**Q** 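Structure in structure tokens, see below.
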2 protein chains.
Amino acid sequence: MPVTIAEVARRAGVSKSTISRYLNGMYEHMGADTQERIAQVIAELDYRPNTLARGLKQKRTHTIGAIVANILNPFSTSIIRGIEDTLQEAGFNLILCNADDDPAKERDYVNMLVDKQIDGLIINTTGCNNPLIAQVNQQTPVVLIDRKAPEINIDTVTVDSACGVRQAIDHMVSVGHRRIAMVTLPYDHISPRLERVQAYQAALAGHRLPFREEWLIRTGGDETEVAAKLQALVGAGSHENSPTAIFCANNLITMSVVRALKKMRVAIPDKVSVLGFDDWDWAELIEPPITVVAQPVYAMGNKAAMMLIKRLKAPRMPKKPAIVMFQPELLKRKSCGEQEAE
Amino acid sequence: MPVTIAEVARRAGVSKSTISRYLNGMYEHMGADTQERIAQVIAELDYRPNTLARGLKQKRTHTIGAIVANILNPFSTSIIRGIEDTLQEAGFNLILCNADDDPAKERDYVNMLVDKQIDGLIINTTGCNNPLIAQVNQQTPVVLIDRKAPEINIDTVTVDSACGVRQAIDHMVSVGHRRIAMVTLPYDHISPRLERVQAYQAALAGHRLPFREEWLIRTGGDETEVAAKLQALVGAGSHENSPTAIFCANNLITMSVVRALKKMRVAIPDKVSVLGFDDWDWAELIEPPITVVAQPVYAMGNKAAMMLIKRLKAPRMPKKPAIVMFQPELLKRKSCGEQEAE
DNA sequence: ATGAAAGCGCTAACAA
DNA sequence: TTGTTAGCGCTTTCAT
């Protein structure tokens with residue numbers, strides 16, 4: 001039976017109101033002796049306020065919810081760390097959820113978080129629950145991270161995919177490639193994926209290289225599927241219908257592609273070069289170390305949390321949503337044949 | 001202004017109790033028409049019960065807390081997935097926390113979760129908050145995962161480190177190694193780390209190999225520190241005071257060691273072999289693919305969640321704690337010179 | 001500088 | 001089969 005505010009009040013010989021004031025830092029008109037006595041009783045009893053009761057009354061919980069798309073992706077965990085550190089510093093609690101790239105799970109988590117009366121939400125959304133998210137944003141500040149939702153007006157932190165892709169393709173071209181394929185996950189509702197595909201096409205055009213439908217591979221990411229599609233593309237030996245380089249739209253894809261290529265015993269970069277969007281800790285331990293376009297993921301998590309806190313501190317901020325775009329950076333390693341050409 | 005149970009009651013022309021009964025599935029003595037009317041009003045108003053109010057009254061929240069040691073470690077995220085799937089199926093919510101291997105953060109998270117009235121806790125503990133955790137376990141079922149706390153009586157799911165280490169050392173010996181070093185993070189309060197060190201010593205003894213203090217490297221995991229220590233150990237070329245193989249106590253260490261060795265241009269396994277405890281997704285993409293002792297992490301997460309649910313379903317279970325031990329499995333790849341010797 | 005009392009939204013006896 | 005009532009533990013006017 002946990003100790004309640006009433007018990008503390010009784011022992012300190014004051015009323016519940018006074019204890020409550022003490023708990024909420026309203027020391028202004030409070031006797032120094034009273035404060036001391038209360039502090040002592042609280043310590044003695046190891047009293048902890050019931051946050052449910054408090055939340056019920058105050059309608060604020062000092063808790064932020066965060067939903068990531070896929071917790072197995074290092075991209076998500078780095079973002080989480082960025083969010084976590086910032087919130088911790090600001091004194092907010094964090095409830096973490098993993099939507100597992102499943103719109104239904106995402107919906108359930110959003111509802112759960114709203115039910116738990118979170119004060120704010122940071123979400124790397126599947127893009128399939130925009131009406132729900134827009135509705136939440138009416139009562140509770142929401143910040144989108146990584147993925148935009150143009151049709152709803154919400155604070156967003158994202159990365160400049162177009163610029164990143166341009167750097168990637170430029171690099172591949174500079175290293176001698178002319179036949180560049182791209183592998184991506186389905187990009188129906190997910191803005192960066194779509195942007196990257198469009199930027200890929202634009203970058204090819206910029207170099208007067210033709211865009212070939214059959215070199216744009218959409219895959220669910222399943223490894224055998226990726227292997228099969230790559231087999232069809234590059235398995236038959238080099239010729240003018242096979243690409244010499246593969247641009248991977250995110251790190252999960254990059255890993256699948258590298259894995260498939262290794263299994264097929266297609267040498268990287270000798271036979272086919274690989275360049276990935278998004279860096280991760282051990283990309284450089286792979287053989288060959290993978291050249292990537294790195295996103296400042298930790299900083300993005302930071303920023304998202306700060307934007308949320310700003311809204312919370314100024315509840316009547318202009319509703320004009322802020323869109324913050326981070327710049328990605330090309331990290332040249334060895335998977336594009338760099339050593340030969342540069 | 002969210003809609004409350006009172007509003008639903010008013011519109012449905014019944015009392016709050018009836019709505020409450022409906023919400024809690026007590027349809028037994030309820031008119032079919034009443035049910036229908038309630039269902040309709042709820043749908044119309046998009047009513048969602050206030051979980052804070054409910055939790056305050058019921059003293060249960062249908063929510064489980066989980067604290068992992070380090071969310072950047074694939075070990076943690078796989079466990080999370082195991083926990084998540086099982087809880088989801090059982091209809092429990094999950095609040096995820098990342099202690100970041102910091103006892104103070106861990107303490108804060110435990111307190112936060114208790115304050116939020118979680119029904120149960122799964123924790124991969126730093127080992128520095130045992131009194132607190134034992135205290136929590138009095139009122140709220142706790143399951144320890146991966147790391148044991150022998151001095152407190154709590155359900156635990158862990159892995160048979162001794163057996164795993166034995167397999168690892170046996171394998172290294174069978175492949176021709178006689179001079180085997182070990183690298184570990186500090187193991188003061190963390191049971192598997194200590195067990196692995198002890199098992200390493202025992203396994204050496206089993207093969208009549210001497211244990212050398214200077215070949216047991218304790219490190220904070222910082223990369224430059226690891227590099228410096230490895231440099232001292234194997235940097236000077238092969239001789240009888242330098243080990244021919246390194247056993248890494250977990251995957252973070254494995255990555256640090258591989259990274260350091262690569263930077264030092266020490267060939268694996270030609271110059272030094274590497275074997276790691278704990279597998280992860282892309283261990284086989286590294287060059288050379290790393291031989292590891294794999295833990296059934298997802299299953300461990302599953303099991304921990306199931307044990308917790310069992311306690312919750314049978315609140316008056318014997319307090320006798322269950323210790324479940326999973327068996328690890330050696331995955332032979334290429335980092336121990338396997339191709340030459342087998 | 002502090003207390004009394006009402007009420008946040010819900011559930012659970014107890015009545016009817 | 002349903003309603004009345006009394007809280008859960010806290011905060012917050014309004015008094016004093």
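Atoms considered below: every heavy atom in the structure, side chains included; atoms not considered: hydrogens, waters and symmetry mates. Quick note on labels: first sequence line is chain A, next is B, and so on, each numbered from 1. Since this is a predicted model, take the numbers as computed values, not measurements.
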**Q** Atom CD of B/Q117 and atom P of D/dG9: how far apart are they, to the nearest Å?
**A** 9 Å

**Q** Please list, chain by chain and in numerical order, all residues satisfying side chain to side chain donor-acceptor pair (under 3.5 Å) with B/N124, sequence neighbours excluded.
**A** B/D146

**Q** Do side-chain atoms of B/R147 reach the backbone of B/T125 as a donor and acceptor pair under 3.5 angstrom?
**A** yes

**Q** Of the nucleotides C/dG9, C/dT11, D/dT2, which has the atom closest to the B/N24 side chain?
**A** C/dT11

**Q** Between A/E28 (CD) and C/dA1 (P), how many Å, whole number?
**A** 10 Å

**Q** Atom NE2 of B/H29 to atom P of C/dA16: distance rounded to whole Å?
**A** 18 Å

**Q** In whole Å, what is the span from the CZ atom of A/R60 to the P atom of C/dC8?
**A** 17 Å

**Q** State which of D/dG3, C/dC10, D/dT1 makes the closest approach to the side chain of B/S15.
**A** D/dG3

**Q** From the options B/K320, B/R311, B/K303, select the one residue that forms a side-chain hydrogen bond (donor to acceptor under 3.5 Å, both in side chains) with B/D155.
**A** B/R311

**Q** I want to verify a distance call: between C/dG3, D/dG9, C/dA12, whose nearest atom is closest to the A/T4 side chain?
**A** D/dG9

**Q** For the side chain of B/M30, counting heavy atoms from C-beta on, which of D/dT2, D/dG3, D/dT11 is nearest?
**A** D/dT2

**Q** In whole angstroms, how far is the P atom of D/dT2 from the CG atom of B/L23?
**A** 15 Å

**Q** Which comes earlier along DNA chain D counting from the 5' end, the contact point of B/Q35 or that of B/A53, where each point is its nearest nucleotide?
**A** B/Q35

**Q** Rounding to a whole Å, what distance do you find between B/Y22:OH and D/dG3:P?
**A** 16 Å

**Q** Do A/T61 and A/Q117 get their side chains close enough for a donor-acceptor pair, meaning under 3.5 Å?
**A** no

**Q** Does C/dC10 have its OP1 or OP2 closer than 4.0 Å to a side-chain nitrogen or oxygen of B/Y47?
**A** yes

**Q** When you get a sec, tell me which of C/dT11, D/dG3, D/dT12 is the closest nucleotide to the side chain of B/R21?
**A** D/dG3

**Q** Between the side-chain atoms of B/K57 and the base atoms of D/dG7, is any donor-acceptor pair under 3.5 Å?
**A** yes

**Q** Less than 3.5 Å apart, any donor N or O on the side chain of A/Y109 or B/N93 sitting next to an acceptor on the other?
**A** no

**Q** Counting only side-chain heavy atoms from C-beta out, which of D/dT1, D/dT12, D/dG9 sits nearest to B/L56?
**A** D/dG9

**Q** I'd like to know if the side chain of B/T63 pairs up with that of A/K116 as donor and acceptor (distance under 3.5 Å, no hydrogens or angles considered).
**A** yes

**Q** To the nearest Å, give me how far apart CZ (B/R54) and C1' (D/dG9) are.
**A** 18 Å

**Q** Using a cut-off of strictly less than 4.0 Å between a heavy atom of the residue and any atom of DNA chain C, enumerate the qualifying residues of residues 5-13 of chain A by number.
**A** A/G13

**Q** Using only heavy-atom distances, determine whether the side chains of A/T86 and A/N302 contain a donor-acceptor pair under 3.5 Å.
**A** yes

**Q** Is the phosphate of D/dG9, meaning OP1 or OP2, less than 4.0 Å from a side-chain N or O of B/K59?
**A** yes

**Q** Any base atoms under 4.0 Å from B/T51, or only sugar-phosphate, or nothing? Heavy atoms, all strands.
**A** nothing

**Q** Select base, sugar-phosphate, or nothing to describe what A/S17 touches, counting heavy atoms under 4.0 Å on all strands.
**A** base

**Q** For B/Y22 and B/Y27, take the angle between the two ring planes, folded into 0 to 90°, and tell me which bin it lands in: parallel under 30, tilted 30 to 60, perpendicular over 60.
**A** perpendicular

**Q** Grab the CG-P distance between B/N50 and D/dG9 for me, whole Å please.
**A** 16 Å

**Q** Report yes if at least one side-chain N or O of A/T18 is closer than 4.0 Å to OP1 or OP2 of C/dG3; otherwise report no.
**A** yes

